[in-house]
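Structure record follows, encoded as structure tokens.
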Number of protein chains: 2
Amino acid sequence: MAESLSIGDVAAATGLSVHALRFFERERLFLRGIPRSAGGHRVYDAADVEWLLLCNRLRESGMPIATLKRFAALVRSGPGNEPDRLELLREHERGVRARIAELTACLEVIHGKVTVYERHVEDGTAAGLWAPVPSS
Amino acid sequence: MAESLSIGDVAAATGLSVHALRFFERERLFLRGIPRSAGGHRVYDAADVEWLLLCNRLRESGMPIATLKRFAALVRSGPGNEPDRLELLREHERGVRARIAELTACLEVIHGKVTVYERHVEDGTAAGLWAPVPSS
DNA sequence: GTTTGACCTAGAGCGAAGTCTAGATTCTAC
DNA sequence: GTAGAATCTAGACTTCGCTCTAGGTCAAAC
């Protein structure tokens, strides 16, 4: 059940590079120390992959490595700090919602510009475009 | 009408630092060369501020400096390339929409985790939480 | 007229998040 | 049993987007 995976397997399963996986380990982003085979190669299991997939989501949504490290440390240090983990995740959720709102606001502005340019390209209207070289 | 603004005024109006404004100029992100006063100080006008405010939106929505530079170059080079500007803006708009979709997907996962932790903290359920230290 | 603060240029430095290199070792397939 | 692929460690290097420093000059207030 605890199938053992090489670093290459894990890279393939998570989309992270083998370099990144070694980097993550140095940064202590795993929930445990990754054990080594007789020959010194890293031996991962499915739980490591599952954790990395969550890490990917957190990273993609803008969580800095430093925060991920704090979260990993909380989980690693065992039961008792669930309220802290919850607070960290809630704070990140707030951040993501805020970022979506910010992007949505930008999108309105950008789409407005696109619309202006579309009109211009289609029928030569110039309102809202920048002049060749403004001022003197 | 062409009121003149100091670099400090523009920094205050745009939220950019004076360092950033000088950096933008070195990178040729303005629509024109910023003129200097007799004493060598930069003299901006309202159109520069307006442009920077759009730049801010583009940057906040994830446009890299390099792309902004290309856009500025297109605008600077005058009329005739509006279809290129339109394509650049459309491409960016696509990127922003994709990013919002990605964040929204992450949000679902994160909110799921938050929910699991909320249940755990409120009534001691442990499903979906990580064990203290997994495996041997 | 001097002090204080804003501004100048050129260029070095920084934090984030990996990526890449070198040189050695191990594992897999023939 | 050997060729070639994958992995190992340690540490240097890269890119992005500014930020900061040094060593001055300029401008506004008193």
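Numbers restart at 1 for each chain; the letters A, B, ... are given by sequence-line order, proteins then strands.
- Checking the phosphate oxygens (OP1, OP2) of C:dT9, no side-chain nitrogen or oxygen of B:R22 falls inside 4.0 Å.
- Distance CG (B:L68) to C1' (D:dC16): 14 Å, rounded to an integer number of Å.
- A single hydrophobic cluster is seen to contain both B:L103 and A:M63, as judged by linkage of ILVMFWY side chains at heavy-atom distances under 4.5 Å, directly or through other members.
- One can place CZ of A:F23 at 16 Å from P of D:dA10, the figure rounded to the nearest angstrom.
- A donor-acceptor pair is defined here as one N or O able to donate and one able to accept, closer than 3.5 Å; such a pair exists between the side chain of A:R36 and the backbone of A:I34.
- Taking the charged nitrogens against the carboxylate oxygens, A:R94 and A:E91 do have a contact shorter than 4.0 Å, which makes a salt bridge.
- OP1 and OP2 of D:dC26 both lie 4.0 Å or more from every side-chain N or O belonging to B:S37.
- Considering only side-chain N and O atoms, A:R42 lies nowhere under 4.0 angstrom from the phosphate OP1 or OP2 of C:dT26.
- For A:E27 and C:dA16, the CD to C1' distance is 10 Å, given to the nearest whole Å.
- As a whole-Å value, the separation of A:E25 CD from D:dC8 C1' is 11 Å.
- Inspection of the B:T67 and B:H92 side chains reveals no N or O donor paired with an N or O acceptor under 3.5 Å.
- Applying the 4.0 Å criterion to OP1 and OP2 of C:dT9, one finds that B:R36 has a side-chain N or O inside that range.
- Atom CG of A:L21 and atom C1' of D:dA6 are 14 Å apart (whole Å).
- Closest approach to the A:F24 side chain among C:dG18, D:dG11, C:dT9 is made by C:dG18 (side chain taken as heavy atoms from C-beta onward).
- Whole-Å rounding puts the B:H41 NE2 to C:dC7 C1' distance at 4 Å.
- Put simply, CG on B:D9 is 11 Å from P on C:dA6, counting in whole angstrom units.
- Taking the nucleotide of DNA chain D with the nearest heavy atom to each of B:I65 and B:G39, the more 5' of the two is matched to B:I65.
- Across the interface with DNA chain C, nearest-nucleotide mapping of B:G8 and B:H19 shows B:G8 to be the residue nearer the 5′ end.
- In this structure, B:R99 pairs ionically with B:E102, as a charged nitrogen and a carboxylate oxygen lie closer than 4.0 Å.
- A salt bridge is defined here as a Lys NZ or Arg NE, NH1 or NH2 lying under 4.0 Å from an Asp or Glu carboxylate O, and B:R32 with B:D48 meets this definition.
- The residues A:R119 and A:E122 are annotated as not salt-bridged, no charged nitrogen and carboxylate oxygen being separated by less than 4.0 angstrom.
- Residues A:E93 and A:R90 are not paired through a salt bridge, judged by the lack of any N-O separation under 4.0 Å between the basic side chain and the carboxylate.
- Atom-to-atom, CD1 of A:I7 to C1' of C:dT26 comes out at 14 Å; the value is rounded to the nearest Å.
- Applying the 4.0 Å criterion to OP1 and OP2 of D:dC18, one finds that B:S17 has every side-chain N and O outside that range.
- With C:dC7, D:dT7, D:dC18 as the candidates, the nucleotide lying closest to the side chain of B:A20 is D:dC18.
- Taking every heavy atom of residues 49-56 of chain B and every atom of DNA chain D, no pair lies under 4.0 Å.
- Side-chain proximity of A:P64 to D:dG11, C:dA17, D:dT19: nearest is C:dA17.
- Side-chain nitrogen and oxygen atoms of A:R59 include at least one within less than 4.0 Å of the OP1 or OP2 phosphate oxygen of C:dG18.
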